There are 2 protein chains.
Amino acid sequence: MQTDPIPPRVTIRDVARQAGVSVATVSKVLNDRYGVSVDTTARVKAVIEELGYEASLVAQSLRNHQTNVIGILVADLEPFSAELLKGAGDAIRGSGFELVVYSAGGRARDQVGWERRYLSRLSGTLVDGAVLVTPTVVDLHYGAPVVAVDPHTGPGGRPTVDSDNLRGAHAAAEHLLGLGHRRIAMLTGRPDLLSAQLRERGFRQAMAAAGVEVDEDLVRLGSYDPDTAAEQAARLLAEPDRPTAVFAANDLSAIATIEVAQRSGLRVPEDLSVVGFDDIPEATRCTPMLTTVEQPIREMGRRAVELLIGLVRGEDEPETTHIMLPTRLVVRASTAKPDAGL
Amino acid sequence: MQTDPIPPRVTIRDVARQAGVSVATVSKVLNDRYGVSVDTTARVKAVIEELGYEASLVAQSLRNHQTNVIGILVADLEPFSAELLKGAGDAIRGSGFELVVYSAGGRARDQVGWERRYLSRLSGTLVDGAVLVTPTVVDLHYGAPVVAVDPHTGPGGRPTVDSDNLRGAHAAAEHLLGLGHRRIAMLTGRPDLLSAQLRERGFRQAMAAAGVEVDEDLVRLGSYDPDTAAEQAARLLAEPDRPTAVFAANDLSAIATIEVAQRSGLRVPEDLSVVGFDDIPEATRCTPMLTTVEQPIREMGRRAVELLIGLVRGEDEPETTHIMLPTRLVVRASTAKPDAGL
DNA sequence: ATGAAAGCGCTAACAT
DNA sequence: ATGTTAGCGCTTTCAT
């Protein structure tokens, strides 16, 4: 045995016993309540110091119903959510609130409604409110204010932060069309998310506006998931009449597509142009660097937390606030004119 | 008033009442305990479904002492910790554990010992163990296993994950020396962290090995903090005999230095070379792209969580495991030979 | 000024 | 098979 017997948690009773007072008195000292003599206060504080005592967040929040903690619920910690967290960090700084990020650990994929589960497990206790990132479910009217980032399709009516997906996708498709591409494939996103629907719609609108018919066989479900996208990309590129360009609904899928193309001997952008969506930091880490539609992800995180804090504080934010941030096409090296040889 | 009266949390008592049984029975159903008739089980489950009940994590973990949740405690959500979280996400996926990230919201700067406070608030309840990222304190022997990432200086003896800071810094300085730089400044890191000490030591060793004396006036405290670093960089560059190169102890400081230089009319790398440390995603988002020492941050996060899970499960990891991952110089565009004109 | 006791939501002994 | 009860750590009346 190399492990020392781990000393158990120091509780308020340990402090009380050591100081020779009741737990109630300790609690009063902790919370600056009236009715404790100066002497006792000093003695209790000394013991608290000596024992290194801190009140258990869990016990406290079971008892109180205000915790000064807000939650961010994400399905998984991947680049998009990590970027969002940086923005959440910006907003929480100096707000007086603390931040707990709860990750379903990727198990979300199996399990629709993970956020209902976690929200239900956390709210009313532990957190005063929550930001839900790409939730799979619409109707949550739980014990705490909730803000959705990149929301589910369906009836809106809940505070929401997202970006201008329609215009962004439109710009992406226009860019490819402007380069001269006609056989353009699309790897779509998670069908339950509004963002995915709008990105597809933007793509279709731009194609229609250019008078180019969408070949439905070139529209494949990518689900925002790199593995799914890679599989569809491989099929797409193996076909005799393969597309000259791919618009992927997010960067992770776009990067996966580039890798698939390169592994099967195609050059990007000479043989295949690829456009993504999001502009996650990884978009400049791949070769060639990715042309993509930038969403201000970090700011989305910041705004979502600010909105939530307002709601928690009971300020008069309308419950239906919808913050939509602009998107912007960023042209890098993964797109070019279709090869003359094709 | 536009806010609906928020329905309070659904508790086990609501379920019990609705199903016409006792809370104990509901609890048994929830936890698959023996001694509940098929009929009752079905009825209770139906009510649970109907009410959308989920057990409160808080109440549960107050009662039990195993939560299947592990915590990551970070001072702030900035690029380094966000990157680490991605790795933590990789490790948690499919492990059966859930992940809670607790951020002090940047208030850590004021407050040495934040991690003691949070660990104390969370452990024994809520989390079964924790990863501490850049802790400010050494001696924590609390109720749960702890793994440190980028640890504090001082007696080791606790499970740790870090990277080869000494060699990395050495390589960075060697690179600048090899380009012909002699007046090389260093913006050091957070002095209480081992990584900062080793980065400075590596720098000094490389300088000594090249027979170049370190001008102590060019070594400034940057604290890993972009604002502090920017201020010191501004002073450094305003001096008549300014350095031709700066080695910053982390990328955030290096990027801040580049910005300061450019604002004061210096060209990077023509007039000033800058090297960073970390290789955070932002290192390729600045102009010019940053030459830096890569740490495998994401893998560090993954390994830390894996190590912790082993400890929580009581597998026989020695309590003193030290995982050190390699670092690697990545030459990009922010370094060049010193300008002939100087 | 201090303490006893109830109760937050839950689980587990221990009745019945 | 079901219910009663105690208690996890804490805060808060309400005595004293």
Side-chain angles (χ1 to χ4, degrees), chain A residues 8-44 48 51-69 120-128 142-144, chain B residues 8-45 47-48 51-69 120-128 142-144:
Chain A
R9 166 168 242 305
V10 179
T11 75
I12 198 172
R13 303 170 67 132
D14 300 325
V15 176
R17 194 177 326 111
Q18 181 90 358
V21 296
S22 73
V23 294
T25 301
V26 177
S27 176
K28 283 170 193 158
V29 171
L30 283 170
N31 298 286
D32 288 319
R33 293 284 175 272
Y34 289 108
V36 185
S37 75
V38 184
D39 279 15
T40 312
T41 302
R43 187 151 35 92
V44 170
I48 287 173
L51 266 42
Y53 169 77
E54 290 282 348
S56 157
L57 179 61
V58 162
Q60 248 176 355
S61 61
L62 186 58
R63 191 47 238 241
N64 298 338
H65 269 209
Q66 163 93 0
T67 60
N68 268 6
V69 175
S120 185
R121 274 168 76 74
L122 299 180
S123 82
T125 53
L126 230 222
V127 301
D128 294 341
Y142 277 101
Chain B
R9 164 167 242 307
V10 178
T11 75
I12 197 173
R13 304 170 66 136
D14 299 325
V15 176
R17 192 177 328 112
Q18 181 90 356
V21 296
S22 73
V23 293
T25 302
V26 177
S27 176
K28 282 173 194 157
V29 171
L30 283 171
N31 298 286
D32 288 318
R33 295 281 175 277
Y34 290 107
V36 185
S37 76
V38 185
D39 278 13
T40 311
T41 302
R43 188 153 33 92
V44 169
K45 282 192 167 158
V47 173
I48 286 174
L51 266 41
Y53 169 78
E54 290 281 348
S56 155
L57 179 61
V58 163
Q60 249 176 353
S61 61
L62 186 58
R63 188 54 238 239
N64 298 338
H65 270 208
Q66 164 93 358
T67 59
N68 270 3
V69 175
S120 184
R121 274 168 78 74
L122 300 180
S123 81
T125 51
L126 233 220
V127 301
D128 294 340
Y142 275 100

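Keep in mind the model is a prediction, meaning the values are calculated, not measured. Below, read A as the first sequence line, B as the second, and so on, with proteins coming before strands; counting in each chain starts at 1.
- Using a 4.0 Å heavy-atom cutoff across all strands shown, B/A55 reaches sugar-phosphate atoms only and no base atom.
- With D/dT2, C/dG9, D/dT12 as the candidates, the nucleotide lying closest to the side chain of B/T40 is D/dT2.
- Backbone-only engagement by B/V21 is indicated by non-hydrogen atom pairs under 4.0 Å involving sugar-phosphate atoms exclusively.
- Under 4.0 angstrom from either OP1 or OP2 of C/dC10 there lies at least one side-chain N or O belonging to B/Y53.
- Atom CZ in A/R63 sits roughly 16 Å away from atom P in C/dA5 (whole-Å rounding).
- For the pair B/Y34 OH and C/dA12 P, the interatomic distance rounds to 15 Å; values are reported in whole Å.
- Close to D/dT11, at under 4.0 Å from its OP1 or OP2, lies no side-chain N or O of A/N64.
- A straight line from NZ of A/K28 to C1' of C/dG3 spans 7 Å, rounded to a whole angstrom.
- Residue A/R13 places at least one side-chain N or O under 4.0 Å from the OP1 or OP2 atom of D/dC8.
- As a whole-Å value, the separation of A/L30 CG from D/dT11 C1' is 10 Å.
- For C/dT11, one of the phosphate oxygens OP1 or OP2 lies less than 4.0 angstrom from a side-chain nitrogen or oxygen of B/S27.
- Of all nucleotides listed (C/dC10, D/dT2, C/dA4), D/dT2 comes nearest to the side chain of B/S37.
- When the P atom of D/dT11 is taken as reference, atom CG of A/L57 falls 11 Å away, rounded to whole Å.
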